[in-house]
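All remarks here apply to the structure that follows.
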Protein chains: 2
Amino acid sequence: MGAPAIPGVMKRGRPRSEQVERAILRAAGDLLTEHGLAAMTIEDVAARAGVAKTSIYRRWSTKGTLALDAFLADFLGSQPLPDTGNLENDLTAALRAWVRTVRGTPTGRALAELIAQAQSDPDLAVAWRERVVGPARAQHRKILEHAVARGEIPDTSDVEVLMDLLFGTAYHRLLQGHLPLTDRFVRRVVAVIVAGAKAGAAAPPTP
Amino acid sequence: MGAPAIPGVMKRGRPRSEQVERAILRAAGDLLTEHGLAAMTIEDVAARAGVAKTSIYRRWSTKGTLALDAFLADFLGSQPLPDTGNLENDLTAALRAWVRTVRGTPTGRALAELIAQAQSDPDLAVAWRERVVGPARAQHRKILEHAVARGEIPDTSDVEVLMDLLFGTAYHRLLQGHLPLTDRFVRRVVAVIVAGAKAGAAAPPTP
DNA sequence: TAGCTTACGCTACGTAGCGTAGTGTAATAT
DNA sequence: ATATTACACTACGCTACGTAGCGTAAGCTA
């Protein structure tokens, strides 16, 4: 209590209230869930949190980065790292967990709207890649590296492409909305990728 | 000239000016190219087109649908239907053409921003699926059906999933921006999908 | 030709949300 | 005690939205 995280750079003046921070994130999360990102305004968040607008702007520069923090509070940890000793099972479990989290849920809509917002908000785009895309891919990379270690797929496989195939396909249906994210979809996507990877198609051709 | 498209439902009063329509679409297309969709305003479009705002609202209900029409004027017909007699070559040609159109181009940014806008504009979302996603998929479906007809892949293959794999993966890199759309990426994505499809992984399992 | 109807450009308006500034008070370190 | 920063509150100027009213223009119908 009151002890500085880093002695010597102790801040002077009144410290920022953690309670204010929590109230803002909670209000933003609620509004994100109830009405979506596009309909969420900073003024609404402030009113709902019982906080002044300036207390929000002091912490976040754009609506997108605020929404990202509110989103991560709910989203982090919902994506497991399966390790069954079988690539197809692991990928199926990972994609199924993702589908369960996003299909027809406020989380799914928030996910889509955050990606949308990032197309015109460079700050959010950077934060999104660093705090969502990066960590998620690190998880999925492990699944593929385990498969390489087991000899299921060639060690020259382009794991980045394989990850793009798996989740790019799923994000496609989420964002375009042309077809539903069914379990059959999950199984077939995984089956094609695993078959292709095992055939060495994700590796450089050996002439 | 002056003849009604459907006799009997001849409109009364002053007809809408095609010149106004063209001026609006041209101005919207220019602004979309120069500044992007997020920065484009109806007022700017009106000013640039030398037209009243009401003349725009009379024709389009939202910025998104206007931008879609402006976008299609430039985008339509840029995606060829390759038919070389070989699935891998056809898919590679199709994806390469798409990459060439979108990578580092205003068209690519407009594409991303339209998908973004569709996440919070239901009218645009419907129009997008009907006028962009639908026609594009119809093209790509032919490529896969030709491969089925040639016996390259099983006739039970889930062509919808295969299309999602091909373009979903590419859209993923466009929208997330985590990795570039290189030609090696194109070749590996196609190789995995073709290998998987030929192995029957996109078809229902035969017990 | 006269009359009806709709489109058009123009100006003006009310609304919403943005991001900032000013004020007085509260909380902490020196 | 004093300096410094955070906070709530109020107010402000700004931008863009979407609509309304006006007079004029351009077609049809009688």
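By convention in this document, chain letters (A, B, ...) are assigned in the order of the sequence lines, proteins followed by strands, and residues within each chain are numbered from 1.
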*Out of dC7(D), dG18(D), dC8(C), which nucleotide sits closest to the side chain of V20(B)?*
dC8(C)
*How long is the line joining CD of Q19(B) and P of dA25(D), in whole Å?*
16 Å
*Please determine if a side-chain N or O atom of S55(A) lies less than 4.0 Å away from the OP1 or OP2 oxygen of dA8(D).*
yes
*Compare all side-chain heavy atoms of T65(B) with those of D69(B) and state whether any distance is below 4.5 angstrom.*
no
*asked:* Any donor-acceptor pair, under 3.5 Å, between the side chain of K53(B) and the base of dG9(C), if you only look at N and O atoms?
replied: no
*Which residue, Y57(B) or G13(B), contacts DNA chain D at a nucleotide closer to its 5' end, judged by nearest heavy atom?*
Y57(B)
*Over how many whole Å does the gap from R58(A) atom CZ to dC9(D) atom C1' extend?*
13 Å
*Among R187(B), R188(B), R184(B), salt bridge (charged side-chain N to carboxylate O under 4.0 Å, His left out) partner for D158(A)*: R188(B)
*Do D164(B) and R137(B) sit within salt-bridge range, that is, some charged N less than 4.0 Å from a carboxylate O?*
yes
*Salt bridge between K142(A) and D83(A), side-chain N to carboxylate O under 4.0 Å?*
no
*Take the protein atom CG of L31(A) and the nucleotide atom C1' of dG17(C), then report the distance between them rounded to whole Å.*
14 Å
*Is any side-chain heavy atom of M40(B) less than 4.5 Å from a side-chain heavy atom of H35(B)?*
no
_Any donor-acceptor N/O pair, R59(A) side chain to S55(A) backbone, under 3.5 Å_ = yes
*Anything under 30° is parallel, anything over 60° is perpendicular, the rest tilted; go ahead and classify F75(A) against F71(A).*
parallel
*Please state how far atom CZ in R12(B) lies from atom C1' in dA30(D), giving the value in whole angstrom units.*
11 Å
*Let me know the distance between NZ of K11(B) and P of dA26(D), rounded to the nearest Å.*
19 Å
*side-chain N/O R16(A) vs dA6(D) OP1/OP2, d < 4.0 Å*: yes
*Answer with yes or no whether the side chains of T62(A) and D121(A) bring together a donor and an acceptor at under 3.5 Å.*
yes
*Output the residues of residues 34-51 of chain B in contact with DNA chain C, where contact means a heavy atom of the residue under 4.0 Å from an atom of the strand; sort by number or write none.*
G50(B), V51(B)
*Using a 4.0 Å heavy-atom cut-off across all strands, classify S17(B) as base, sugar-phosphate, or nothing.*
sugar-phosphate
Could you pull out the protein-nucleic contacts involving nucleotides 23-26 of chain C (nitrogen or oxygen on both sides, under 3.5 Å)?
| unit_1 | atom_1 | unit_2 | atom_2 | d |
| --- | --- | --- | --- | --- |
| dA26(C) | N3 | R14(A) | NH1 | 3.2 |

*Spacing between R59(B) atom CZ and dG18(D) atom P, to the nearest angstrom*: 17 Å
_So, taking the atom named OG1 in T41(A) and the one named CG in L31(A), what distance separates them when rounded to the nearest 0.5 Å?_
7.5 Å
*Taking CD from E18(B) and C1' from dC8(C), how many angstroms apart are they, rounded to a whole number?*
16 Å
*asked:* If you only use heavy atoms from C-beta on, which nucleotide in dT30(C), dT19(D), dA21(C) is closest to the side chain of T54(A)?
replied: dA21(C)
*Could you state the CG-P distance from L66(A) to dG17(C), rounded to the nearest angstrom?*
16 Å
*Quick one: does R109(A)'s side chain get under 4.5 Å of L37(A)'s, heavy atoms only?*
no
